[in-house]
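Residue numbers count from 1 along this sequence.
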Amino acid sequence: NYVKPKAWQVLVTKTGKWTLQDGDFIVKGLVSDEIQTGFTMTALKAKYDDTVMIKSIDTLDSGSFELQHFQIGAS
């Protein structure tokens, strides 16, 4: 249920939707934590080793469905 960043910003209800934007933070691996009251970005960085900020996103959506993906630059 990916939504492009500009469409994400105007959504009233974001439940069940997600996006990737410059400046977002991602964690390598599967995590169940979400940034919310009581669990801050500082807590996320302290809990997980591989937490990085997105610097660039390329949507590579040509070709078959199986080949479509995102290429994310982060540090």
First locate atom [atom1] of [X], then atom [atom2] of [Y], and finally report the distance between them rounded to the nearest 0.5 Å.
{"X": "T42", "Y": "K47", "atom1": "OG1", "atom2": "NZ", "value": "14.5 Å"}
{"X": "K17", "Y": "W8", "atom1": "NZ", "atom2": "CH2", "value": "9.5 Å"}
{"X": "Q71", "Y": "L60", "atom1": "CD", "atom2": "CG", "value": "5.5 Å"}

Hey, are D22 and K55 close enough for a salt bridge, meaning a charged N less than 4.0 Å from a carboxylate O?
no

For Q21, all residues meeting side chain to side chain donor-acceptor pair (under 3.5 Å), sequence neighbours excluded:
Q9

Of all heavy-atom pairs linking L44 and T51, the shortest is O-OG1, 3.9 Å

More than 12 heavy atoms of other groups within 6.0 Å of K4 NZ
no

Sequence neighbours excluded, the answer for side chain to side chain contact (heavy atoms under 4.5 Å, CB included) partners of S64 is E66, L67

Is there a side chain to side chain contact (heavy atoms under 4.5 Å, CB included) between D24 and M53? Walk through the geometry before answering.
CA-CA 6 Å; D24 282 353; M53 184 182 350; over 6 Å; no

Members other than W18 in its cluster, when Ile, Leu, Val, Met, Phe, Trp, Tyr link by side-chain heavy atoms under 4.5 Å?
Y2, L20, I26, V52, I54, I57, F70, I72

Using only atom types and a distance under 3.5 Å, with no angle test, would you say the side chain of D50 pairs donor to acceptor with the backbone of V27?
no

